[in-house]
> 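One structure is given below, represented as structure tokens, and several questions about it will come after.
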Amino acid sequence: MHNSKPRKNEFLLTLPSMGWLMIFFVIPTLLVIAMAFRNSDPYGGIGDQWTFNTIRDLRNPNYPSIIWRTLWLSVVSTIICIVTAIPASYFISRISKKFQDIILLLIIVPFWINFLIRIFAWKVFLHPEGLFKQILVTLHIAGPDTLLLYRPEAVLVVIVYSYLPFALLPIYAAAEKFDFHLMEAAYDLGANRFQAFLRVYIPGIKMGLLTAIIVVFIPALGSYVIPDIVGGPSSEMIGNKIAQRTFIDRNLPHASALSALLTFAVILPAAIALTRKFFKEKNSRSIGI
Amino acid sequence: MDDFLILDGISKSFGKHKVLDNISLTVKKGEIFSFLGPSGCGKTTLLRICAGFEEPDSGRVILNGVDITKLSPNKRQVNTVFQNYALFPNLSVFENIAFGLRVSGIKESQLNDEVGKFLELIQLTSHAHKKPDKLSGGQKQRVAIARALINKPNVLLLDEPLAALDLKLRQRMLVDLDNIHDEVGITFLYVTHDQSEAMSLSDNIAVINEGKVEQVGTPAQIYEAPRTSFVAAFIGDTNFFEGDVIEVDEPYSKLRVDGFTEVLAYNDKKIKKGDKVHISIRPEKFTLSIEKPDLSEKYNSIKGKVEEIIYLGYHTKYWVRVNEFLVETKRLHDRYMLDEKMITWGDEIWLSWHADYCYRLWQSLKAKLKKRRTSYK
């Protein structure tokens with residue numbers, strides 16, 4: 001910048017939002033992390049001593065399987081959402097503007113129904129007495145004793161259902177801006193449909209894909225309501241454990257320790273990716289390419 | 001040389017709109033062939049049919065003796081330079097050029113050699129690792145050409161490749177394109193709405209209007225002997241007259257043109273006494289003089305009054321009123337200019353032209369002619 005004054009003004013303009021983030025995001029997060037290093041008092045409050053015991057308590061033998069389940073459910077549901085959203089966005093962005101608007105409206109309409117009610121609807125739908133189950137039994141796809149509800153797969157299906165629109169919208173936004181002449185250019189240069197899709201379309205909607213991955217993976221990682229309602233004790237995720245430690249055990253430091261673990265699980269990969277990108281750019285600049 | 005690319009009776013409609021109407025053209029191997037026409041005339045659709053992005057409703061595309069009408073774009077030995085370049089924004093210049101070779105799966109070492117050769121051809125070796133958005137318009141254009149040429153196509157299709165460039169750059173790119181064509185010797189199919197681009201680059205031009213071919217010929221044929229009023233008006237400026245044949249004396253005929261005296265015109269077609277004919281005379285074919293010129297009987301001379309003068313540097317345009325006609329004339333400045341009496345507004349002057357410069361048009365659009373009589377252009 002040639003002049004320091006505009007820069008100072010720009011900084012002033014960001015102050016309100018920075019302040020907001022500081023008060024309602026950064027400080028609470030730091031408080032939660034700090035709380036993980038406190039002991040708990042017997043009355044459900046926070047003790048007055050600094051200790052590593054709370055962190056040590058994370059070595060609970062039940063946790064590894066819960067953490068593993070949380071990870072695979074989040075990863076798999078993110079993959080399913082992205083893989084479904086890519087061809088869907090391609091299709092939507094290729095049809096006429098009028099139908100695009102209709103389809104987008106149909107995607108958004110379910111949001112007008114309360115999230116909890118939609119999840120309960122799934123519970124009814126997958127219930128042993130529910131319609132879906134009856135149809136499967138009549139078609140001899142499932143036996144009368146098969147349980148559709150209260151298993152990790154049910155959680156997976158409902159997470160995908162809940163977050164698919166969040167994957168679809170950013171990918172569609174990127175696809176809509178994508179210059180489809182580039183696909184023609186790829187065909188023209190000898191690429192078949194698959195090659196053109198992989199080498200031209202996917203890189204072309206990269207930013208939309210990144211956004212979609214973030215907005216699906218992070219909320220999925222912190223899922224609490226979905227496994228609580230459609231999953232049983234065998235389908236618990238970290239979110240359920242945090243809630244349980246908070247509301248039932250009244251052990252806030254322990255809940256904080258779990259939350260901190262989750263926060264680091266999200267922030268670490270992002271931090272690594274950012275630093276790598278930073279160094280890559282710095283390198284390519286210093287050798288002048 | 002043999003006919004290399006043959007378009008045989010191609011028609012194409014989008015909905016009710018007939019874009020191409022029974023177009024037949026032949027392109028020879030190694031030449032630069034242009035589709036020239038105003039926007040919306042169907043020239044780009046014709047190019048897209050050659051590339052394989054559109055399928056004609058009827059007709060065939062034959063390349064090197066093989067019918068490729070139904071072949072998909074990626075299987076055709078034809079590559080395109082797109083109007084907006086369509087460079088892959090996520091790939092470097094090197095990777096853009098390498099794209100065609102990568103999808104064909106050739107060896108890495110061979111690929112490096114090939115791409116290096118083409119980077120040299122377009123003089124962008126030092127920019128190989130830049131992304132397209134770091135390049136200037138002319139550089140992007142050259143990358144697009146190299147990317148299309150590296151697949152060694154039988155025909156290179158160019159869709160208004162210079163339209164996005166400014167005038168100076170366009171002139172330089174024209175020379176570059178011509179040099180590249182000489183270097184690689186590939187047949188070029190060039191789509192443009194710019195007559196000067198088509199004239200300076202092409203071996204042959206097809207003038208297209210409203211989905212039909214108006215005329216095919218060399219640039220000189222198209223300019224000097226336009227067959228239709230559309231071609232005459234689209235390529236350069238011209239004057240149209242309508243006349244009745246009053247006397248035929250091969251190879252010239254005498255016409256009576258309303259408001260003119262008798263006009264002597266060259267007969268390039270069979271003509272009979274009493275026919276109504278349309279003729280075109282280019283502005284630069286007139287000789288302007290203040291005194292009545294002493295010329296042979298093959299010349300026409302007519303008196304008029306200067307109504308409008310536009311000075312354009314290397315030449316001046318004069319609009320001369322001859323009764324109801326406003327005749328557009330052009331005169332180059334030469335060294336005698338300073339000694340001469342200047343022609344100014346309101347001067348009575350003589351227009352003269354050789355009978356050979358009156359071209360009879362095969363067909364004409366009467367409504368358009370009437371309008372042009374009184375309008376400046």
Side-chain angles (χ1 to χ4, degrees), chain A residues 82 86 89-90 93-99 170-213 273 276-289, chain B residues 44 47-48 50-54 71-106 126-134 140 143-153 155-159:
Chain A
I82 301 295
I86 290 172
S89 65
Y90 183 89
S93 55
R94 295 302 277 156
I95 57 178
S96 76
K97 198 77 203 142
K98 199 177 90 188
F99 284 109
I171 295 179
Y172 162 75
E176 205 235 340
K177 283 192 212 82
F178 179 75
D179 178 6
F180 282 91
H181 286 115
L182 297 177
M183 295 297 274
E184 283 189 349
Y187 299 143
D188 189 75
L189 292 167
N192 59 34
R193 283 186 176 277
F194 181 70
Q195 286 171 318
F197 195 82
L198 216 61
R199 286 171 179 267
V200 177
Y201 184 69
I202 299 286
I205 58 165
K206 198 173 74 185
M207 285 321 289
L209 286 179
L210 274 177
T211 314
I213 289 171
R276 277 187 56 181
K277 198 179 170 200
F278 177 75
F279 278 109
K280 211 170 141 194
E281 265 169 24
K282 214 173 165 190
N283 280 344
S284 63
R285 216 170 289 147
S286 64
I287 55 173
I289 46 173
Chain B
T44 295
L47 193 81
R48 289 174 61 83
C50 296
F53 299 131
E54 310 277 355
L71 209 60
S72 60
N74 54 329
K75 301 220 169 68
R76 293 187 186 203
Q77 295 280 343
V78 162
N79 288 111
T80 309
V81 175
F82 293 87
Q83 186 173 3
N84 53 359
Y85 320 125
L87 297 179
F88 304 122
N90 55 308
L91 301 179
S92 64
V93 167
F94 184 95
E95 285 301 327
N96 261 284
I97 297 174
F99 190 91
L101 299 179
R102 284 229 189 276
V103 295
S104 72
I106 75 163
S126 58
H127 297 65
H129 295 283
K130 283 188 183 167
K131 291 278 170 67
D133 61 356
K134 296 273 183 288
K140 282 184 197 168
V143 175
I145 291 167
R147 185 181 70 170
L149 283 174
I150 202 163
N151 279 7
K152 306 216 164 24
V155 181
L156 183 71
L157 309 175
L158 300 110
D159 184 9

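Numbered from 1 within each chain, the chains take letters A, B, ... in sequence-line order. All values derive from a computational prediction rather than experimental measurement.
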> Against chain A, work out which of B:Leu157, B:Asn151, B:Ile150 has the most heavy-atom pairs shorter than 4.5 Å and name it.
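Looking at each of B:Leu157, B:Asn151, B:Ile150 in turn, B:Asn151 comes out on top.
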> Excluding sequence neighbours, so at least two apart, what forms side chain to side chain contact (heavy atoms under 4.5 Å, CB included) with A:Phe99?
A:Ile95, A:Ser96, A:Ile102
> What closest approach, in Å, do A:Leu182 and B:Phe88 show between heavy atoms, and which atom pair accounts for it?
O-CE2, 3.4 Å
> To the nearest 0.5 Å, what is the distance between CD (A:Gln195) and CZ (B:Arg102)?
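Reported to 0.5 Å precision, the distance equals 12.5 Å.
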> Which region of A:Glu184, side chain (C-beta onward) or backbone (N, CA, C, O), has a non-hydrogen atom less than 4.5 Å from a non-hydrogen atom of chain B, or is it both or neither?
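It is both, since atoms from each part get that close.
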> How far apart are the closest heavy atoms of A:Ala185 and B:Ala86, and which atoms are they?
CB-O, 3.9 Å
> Would you mind reporting whether B:Phe99 and A:Arg199 have side-chain heavy atoms less than 4.5 Å apart?
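SC-SC contact between A:Arg199 and B:Phe99 confirmed.
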> Return yes when atom NZ of A:Lys98 has more than 12 non-hydrogen atoms of other residues, nucleotides or ligands closer than 6.0 Å, and no otherwise.
no
> If we define contacts as heavy-atom pairs under 4.5 Å, which of B:Lys130, B:Arg147, B:Arg76, B:Lys75 has the most with chain A?
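Most heavy-atom pairs within the cutoff with chain A belong to B:Arg147.
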> If every non-hydrogen atom of B:Ala51 is compared with every non-hydrogen atom of A:Asp188, which pair is closest and at what distance?
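Looking at all heavy atoms of both residues, the shortest contact is CB-OD1, 4.2 Å.
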> Which atoms of B:Leu87 come close to chain A, meaning under 4.5 Å heavy atom to heavy atom: side chain ones, backbone ones, both, or neither?
backbone
> Where on B:Val81 is there a heavy atom nearer than 4.5 Å to chain A: the side chain, the backbone, both, or neither?
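Neither part; nothing is under 4.5 Å.
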> Quick check on A:Asn192 against chain B: is it the side chain, the backbone, both or neither that has a heavy atom closer than 4.5 Å?
both
> Quick check on the structure: residues of residues 89-98 of chain B within a heavy-atom distance below 4.5 Å of chain A, by number.
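Checking residues 89-98 of chain B against chain A gives B:Pro89, B:Asn90.
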> Which residue out of A:Pro203, A:Ala191, A:Ala196, A:Gly204 racks up the most heavy-atom pairs below 4.5 Å with chain B?
A:Ala191
> Minimum heavy-atom separation for A:Leu189 to B:Asn79, with atom names?
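Taking every non-hydrogen atom into account, CA-ND2, 3.7 Å.
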> Using heavy-atom distances under 4.5 Å, tell me whether B:Thr80 contacts chain A through its side chain, its backbone, both, or neither.
both
